[in-house]
*Asks:* 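The structure is given below, and queries will be raised subsequently.
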Amino acid sequence: MNFISIQNIDSLDKWVKQALKIKKNPLKNKKLGKNKTLVMLFFNASLRTRLSTQKAALNLGMNVMVMNFGSEGWTLEYEDGAIMNQGASEHIKEAAAVVSQYADIIAIRAFAGLVDKEKDNAEMVISGFLKHATVPIVNMESATGHPMQSLADAITMAEHKTEHRPKVVLTWAPHPRALPQAVPNSFVEMMQKQTEMDFVITHPKGYELNPEITKDSKIEYDQNKAFENADFIYAKNWSNYKEYGQITNSDPNWTVTADKMKLTNNAKFMHCLPVRRNVIVTDEVIDSENSIVIEQANNRTYSAQLVLQTILENVK
Ligand code: AN0
Ligand code: CP
């Protein structure tokens, strides 16, 4: 069993309930991972994913090895039949097979390059490991998805919802650097699996996410209108998907402010972090009582722990 996408979750309600059970007693399965090793490979920076996934593995009694592959590993070749007389030193075929000798589970972070849409959509790194590794693979944010984040988001909303059918708004916000669509993609896919929530995406015209992911999810281009009566505001920047990887809008009017939060039903504020203060969201909002970003980060541990536990139970 691999955990690559939100689509690997059969019943979201069931997974959220299980994660909340783990949160109540995180050390209950301390023996499950005994003598099993998680190898985490990072092709990009991380704070939360690295520490929460490591903590989850330790809670399960696993051993953990972490490698910053992007800066410390050999440059990998992914193309079949490549004549390797250029920059890459090692082929994914050997690299993935070799890491599998040391690992019972391999977790990988490899962001979108945001240059070549087809390459990013092909998930070169994750697909290469899926093809050539011999142990389960976990996605810690790939080119197109960040499912462990969205599972943590679902857990956090379940804990903080006060309405029977809350309204959840995913809002684009400006950012000085081009960011991937992975977080909003997985958030959308997770929201599509919610049975008792209304969902609206708001972003400037032209910033549509991949339509194969958004499908018939509602889009409202007027941010103020989208915020009306919302119970959760989930802010995130992403770069343009059509004009791939470009920043075609940096309008500060899209920043989440206290005035905008006043339009909501006393909504909770969410962001996956790291966040640029006073660009994505004002200090006033992120420092307010309605901000649940730290609890969201805390829930990354239980999201990761459920994923690792499910895999360990399946390979036993
Ligand atoms: C990354 C992104 O937007 O995908 C990671 C978020 C979890 N964010 C940045 O690079 C700032
Ligand atoms: N939210 C998240 O994945 O944070 P890091 O990039 O710090 O891991």
Side-chain angles (χ1 to χ4, degrees), residues 3-6 38 40-57 64 66-71 107-115 117 120-121 123 125-126 138-157 170-190 201 203 207 209-210 213 234-241 244-247 249-250 254-256 269-281 286 291-305 307-308:
F3 186 76
I4 304 302
S5 134
I6 286 292
L38 171 69
M40 300 202 286
L41 304 178
F42 285 90
F43 291 80
N44 310 92
S46 170
L47 189 166
R48 281 142 290 271
T49 304
R50 177 167 173 169
L51 296 183
S52 64
T53 309
Q54 180 158 4
K55 178 157 180 189
V64 183
V66 186
M67 182 170 177
N68 289 322
F69 211 100
S71 54
I108 299 162
R109 165 164 283 200
F111 286 179
L114 294 177
V115 176
K117 186 191 277 194
D120 286 344
N121 281 342
E123 291 283 12
V125 181
I126 289 273
V138 171
N139 181 352
M140 298 195 293
E141 186 172 339
S142 67
T144 65
H146 195 1
M148 288 211 291
Q149 176 66 52
S150 308
L151 177 56
D153 300 338
I155 298 165
T156 312
M157 290 193 293
L170 167 65
T171 182
W172 181 92
H175 193 278
R177 284 185 45 219
L179 297 186
Q181 293 93 19
V183 171
N185 283 347
S186 290
F187 189 79
V188 168
E189 290 182 302
M190 179 275 290
I201 309 170
H203 55 67
Y207 264 84
L209 292 161
N210 183 349
I213 288 173
Y234 193 102
K236 182 73 186 87
N237 169 269
W238 59 87
S239 59
N240 199 309
Y241 182 73
Y244 193 64
Q246 301 300 305
I247 299 176
N249 190 321
S250 45
W254 279 82
T255 301
V256 178
F269 175 80
M270 298 178 72
H271 190 280
C272 64
L273 307 180
V275 71
R276 301 242 181 173
R277 281 172 172 259
N278 303 308
V279 178
I280 297 276
V281 56
I286 196 170
S291 167
I292 54 173
V293 296
I294 304 301
E295 198 48 35
Q296 215 182 323
N298 181 30
N299 284 331
R300 289 295 307 275
T301 300
Y302 311 107
S303 158
Q305 198 166 327
V307 168
L308 295 175

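In what follows, residues are counted from 1 in the order of the sequence shown. Counting convention: from 1, in listed order, for ligands and their atoms alike.
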*Asks:* Given that the side chain starts at C-beta and the backbone is N, CA, C, O, which of these parts of Trp238 lies under 4.0 Å from ligand 1, counting heavy atoms, or is it both or neither?
*Replies:* neither
*Asks:* Identify, for atom 3 (O) of ligand 1, the protein heavy atom at the shortest distance, and state residue, atom and that distance.
*Replies:* Lys236 NZ, 2.7 Å
*Asks:* Return the option from Asn237, Ile280, Leu179 holding the heavy atom at the smallest distance from atom 8 (N) of ligand 1.
*Replies:* Leu179
*Asks:* With backbone taken as N, CA, C and O and side chain as the heavy atoms from C-beta onward, which portion of Gln149 lies under 4.0 Å from ligand 1: side chain, backbone, both, or neither?
*Replies:* neither
*Asks:* Who passes side-chain hydrogen bond (donor to acceptor under 3.5 Å, both in side chains) against Gln54, sequence neighbours left out?
*Replies:* none
*Asks:* Should Ala182 be listed as contacting ligand 1, given a heavy-atom distance under 4.0 Å as the test?
*Replies:* no
*Asks:* Can you tell me if Glu295 and Asn298 form a side-chain donor-acceptor pair at under 3.5 Å?
*Replies:* yes
*Asks:* For Asn185 and Glu189, which I'm curious about, is there any donor-acceptor pair between the side chains at under 3.5 Å?
*Replies:* no
*Asks:* Once you measure the plane-to-plane angle for His271 and Phe269, does it fall in the parallel (<30°), tilted (30-60°) or perpendicular (>60°) bin?
*Replies:* parallel
*Asks:* Other residues, nucleotides and ligands only: do more than 12 of their heavy atoms fall within 6.0 Å of NZ on Lys55?
*Replies:* no
*Asks:* Anything with a heavy atom under 4.0 Å from ligand 2 counts, so go ahead and list those protein residues by chain and number.
*Replies:* Ser46, Leu47, Arg48, Thr49, Arg109, His146, Gln149, Cys272, Leu273, Arg300
*Asks:* Please list, chain by chain and in numerical order, all residues satisfying salt bridge (charged side-chain N to carboxylate O under 4.0 Å, His left out) with Arg300, sequence neighbours excluded.
*Replies:* none
*Asks:* Under the side-chain hydrogen bond (donor to acceptor under 3.5 Å, both in side chains) test, which residues partner Asn44, sequence neighbours left out?
*Replies:* none
*Asks:* Can you see which heavy atom on Gly145 is nearest to which on Asn139, and at what distance?
*Replies:* O-ND2, 3.5 Å
*Asks:* Do any N/O atoms on His175 end up under 3.5 angstrom from N/O atoms on ligand 1?
*Replies:* no
*Asks:* Is a donor from one side chain sitting under 3.5 angstrom from an acceptor on the other, for Asn249 and Tyr207?
*Replies:* no
*Asks:* What do we get for Arg177 next to ligand 1 when only non-hydrogen atoms under 4.0 Å count, side chain, backbone, both or neither?
*Replies:* neither
*Asks:* What pair of heavy atoms forms the shortest contact from Cys272 to Arg48, and how long is it?
*Replies:* O-CD, 3.6 Å
*Asks:* Thr49 near ligand 1, heavy-atom distance under 4.0 Å?
*Replies:* no
*Asks:* State, yes or no, whether a side-chain contact exists between Thr53 and Met40 at a heavy-atom distance under 4.5 Å.
*Replies:* yes
*Asks:* What's the shortest distance from atom 7 (C) of ligand 1 to any protein heavy atom, and which residue and atom give it?
*Replies:* Glu141 OE1, 3.5 Å
*Asks:* State the atoms of ligand 1, each with its element, that fall below the 4.0 Å cut-off from a heavy-atom position in Phe111.
*Replies:* 5 (C)
